[in-house]
Amino acid sequence: QVHLVESGGGLVQAGGSLRLSCATSGIMFHINDMGWFRQAPGKQRELVASITSADSTNYADSVKGRFTISRDNAKNTVSLEMKRLKPEDTAVYYCNAVISGTPLFGPWGQGTQVTVSS
């Protein structure tokens with residue numbers, strides 16, 4: 001059974017930083033590309049960052065240069081370092097394995113709330 005458990009969210013002022021973590025189990029983590037998604041109120045869930053099994057990364061334009069995704073294959077975890085946060089980054093953040101940007105597993109984890117105040 002797949003488990004995706006996100007943590008690390010919180011309330012931060014604009015310009016601040018947060019580090020999100022996702023613990024996974026039940027998947028062959030080291031061979032999967034992984035991604036961080038976010039969903040703001042009234043908006044669709046979007047992919048903001050992904051990392052391949054070979055550590056190649058890709059970012060949405062809105063977060064490029066501010067967010068950094070990384071993975072630890074020994075711990076089956078994927079992280080998202082977020083800097084220079086903006087109010088528009090406010091959302092619930094989720095992780096999942098991805099194939100060509102499409103989430104692989106369902107249901108989603110509970111996510112972690114990130115709120116950026118102006």
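Everything quoted here is computed from the prediction, not taken from an experiment.
Checked against side chain to side chain contact (heavy atoms under 4.5 Å, CB included), V92 has the following partners two or more places apart in sequence or in another chain: Y94, Q113. Applying the side chain to side chain contact (heavy atoms under 4.5 Å, CB included) test to T57 and every residue at least two apart in sequence or in another chain returns I51, Y59, I69.
For the pair E6 (side chain) and S21 (backbone), a donor-acceptor distance under 3.5 Å is absent. Side-chain atoms of R66 come within 3.5 Å of backbone N or O of R84 as a donor-acceptor pair. With hydrogens and angles disregarded, no donor-acceptor distance shorter than 3.5 Å links the side chain of N58 to the backbone of S50. Under a 3.5 Å cut-off, the side chain of T112 and the backbone N or O of G9 do form a donor-acceptor pair. Side chain of R71 to backbone of D33: no donor-acceptor contact under 3.5 angstrom is found. A donor-acceptor pair is defined here as one N or O able to donate and one able to accept, closer than 3.5 Å; such a pair exists between the side chain of T24 and the backbone of N76.
Using a 4.5 Å heavy-atom cutoff, the side chains of S79 and R19 are in contact. Taking the side chain as every heavy atom from C-beta outward, V116 and M82 never approach each other to under 4.5 Å. Inter-residue side-chain proximity for W108 and N96 is flagged as met; some heavy-atom pair is nearer than 4.5 Å. Taking the side chain as every heavy atom from C-beta outward, M34 and I27 approach each other to under 4.5 Å. A heavy-atom distance below 4.5 Å is found between the side chains of Q110 and V5.
Contact check on D61 versus K64 returns a salt bridge, with a Lys/Arg side-chain nitrogen under 4.0 Å from an Asp/Glu carboxylate oxygen.
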| request: List the steps, then state whether side-chain contact (heavy atoms from CB on, under 4.5 Å) holds for E46 with R38. | output: CA-CA 5 Å; E46 62 171 344; R38 67 185 181 189; 2.8 Å; yes
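Taken together through direct or relayed side-chain contacts under 4.5 Å among Ile, Leu, Val, Met, Phe, Trp and Tyr, F37 and V2 form parts of separate hydrophobic clusters. Under the 4.5 Å side-chain heavy-atom criterion for Ile, Leu, Val, Met, Phe, Trp and Tyr, L47 and I99 are members of distinct hydrophobic clusters.
Separation of the W36 and F67 ring centroids does not fall under the 6.0 Å cut-off.
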